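Read the structure below first, then the notes.
Note that the coordinates shown come from a computational prediction; the quantities given were computed from them, not determined experimentally.
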Amino acid sequence: MRGAGEETVAWMYFSRDVVPFAAMITVECAIVGSNTLFKAATLRGLSFYVFVFYSYLVSTLLLLPLSFIFGRSKRLPPSKYPLFFKIFLVGLLGLISQIAGCKGLEYSSPTLSSAISNLTPAFTFTLAVIFRMEQLSLRSSGTQAKIIGAIISISGALVIVLYKGPEVLAAASFTPSSTPTVSLHHQQMTSFESRWIIGGLLLASQYFLISVMYILQTRIMEAYPEEIRVVFFYNLIATLISAPVCFFAESNLTSWVLKTDISLAAIIYSGVFVSLFSALTHTWGLHLKGPVYVSLFRPLSIAIAVAMGAIFLGLALHLGSVIGSVILSFGFYTVVWGKARENSTKAVAGCEHSPLLLTHVVEDEHLLVGYD
């Protein structure tokens with residue numbers, strides 16, 4: 001009896017703690033890896049319009065059979081048009097955010113993208129308050145923490161974008177070059193800094209649009225809780241919209257002919273591991289552990305991006321990125337703590353109003369003790 005009980009507890013711990021932990025780290029590595037591959041491919045001439053369309057096409061083709069195999073065939077709600085309109089908006093916003101993010105990566109680096117991504121909780125919280133999905137109680141410590149964390153996060157993002165500072169980790173030089181003159185060096189630095197600021201603003205707009213998508217997806221899942229099919233329709237709509245937009249923006253037909261090099265690898269990797277694997281894993285993690293647990297792994301992407309950027313791209317790490325990332329991460333975890341504080345307060349209040357919940361908790365504890 002004791003052996004069977006210990007095996008049951010061990011399996012529960014493995015399935016509910018070890019597997020989600022490993023999955024979330026894998027997702028962060030996959031996302032940063034996609035950004036790094038895309039940056040390397042653009043340095044070799046890949047158009048980001050080509051990348052966006054083909055990535056959506058790959059994920060849509062892969063999701064098509066999965067939506068029929070694993071879909072639970074849940075009936076659509078009586079009023080279908082509001083649901084379809086929201087999915088259409090998610091697809092449109094997803095396409096715009098993807099284009100903005102790719103252009104931002106062209107102008108900056110995967111490290112900056114990973115740092116700016118920590119603005120997502122602050123943006124989401126602000127939008128949730130505007131759309132009355134979050135209740136503001138200024139006397140609550142949880143609400144105060146979320147407001148302060150949002151302000152700190154935005155301040156950290158401004159530091160990263162507006163202040164580069166000296167190099168902490170020097171960039172690797174793969175090609176020999178002659179020493180530039182002082183005037184040419186000044187022009188290059190000015191151009192680089194302006195591109196860095198534009199890239200940061202584009203990445204910030206990308207994650208703001210992603211926050212808007214989170215709000216819309218929450219409404220969609222309330223009406224139609226079919227994760228795989230919703231993700232499939234979102235990717236299908238984005239593919240259909242991106243086809244004319246990207247073909248019009250990238251009129252050079254030779255750019256659409258893919259060769260078996262890093263460009264093809266970046267497109268397939270993004271379609272499989274970002275649009276498909278990461279989206280489904282995040283949805284599964286939200287169902288199993290909740291949004292607080294999933295969002296805790298976001299700052300990890302900064303360290304992964306720094307390592308990948310230095311190893312594979314030879315990118316420099318600047319002091320402004322370090323200082324801003326620390327500020328951003330502090331604000332991020334402040335928002336997360338505030339959300340966790342509110343959830344625990346609501347749970348305690350619910351238990352006080354429902355004594356049966358306390359009874360069940362005590363009974364569960366006795367059962368676990370019985371295994372010993």
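A side-chain donor-acceptor contact under 3.5 Å links K39 to the backbone of E106. In this structure, the side chain of S34 does not engage the main chain of I31 through any donor-acceptor pair within 3.5 Å. K146 places no side-chain N or O within 3.5 Å of a backbone atom of T334 that could act as its donor or acceptor partner. Using a distance-only test at 3.5 Å, with no hydrogens or angles considered, a donor-acceptor pair links the side chain of S278 to the main chain of F273. Checking side-chain atoms of S67 against main-chain N and O of L64 turns up a donor-acceptor pair under 3.5 Å. At least one donor-acceptor pair closer than 3.5 Å links the side chain of T60 to the backbone N or O of N235. Under a 3.5 Å cut-off, the side chain of S205 and the backbone N or O of L202 do form a donor-acceptor pair. With Y214 contributing its side chain and L209 its backbone, the two residues share no donor-acceptor pair below 3.5 Å. Side-chain N or O atoms of S153 include one that pairs as donor or acceptor with a backbone N or O of G149 at under 3.5 Å.
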- Stepwise, does the side chain to side chain contact (heavy atoms under 4.5 Å, CB included) test hold for Y163 with L319? CA-CA 8 Å; Y163 173 68; L319 180 62; 3.8 Å; yes

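You'll find the ring centres of F88 and F233 outside the 6.0 Å limit. The six-membered or imidazole ring of F38 lies near that of F51, with a centre-to-centre distance under 6.0 Å.
Applying the salt bridge (Lys or Arg N to Asp or Glu O under 4.0 Å) test to E250 and every residue at least two apart in sequence or in another chain returns nothing.
For the residue pair G91 and I237, the shortest heavy atom distance occurs at CA-CG2, 4.3 Å.
Using bins of under 30°, 30° to 60° and over 60° for the plane-to-plane angle, the ring pair Y234/Y56 lands in the perpendicular bin.
With rounding to the nearest 0.5 Å, the separation of CG in L201 from CH2 in W196 is 12.5 Å. We find the CG-CG distance between L46 and L37 to be 10.5 Å, quoted to the nearest 0.5 Å.
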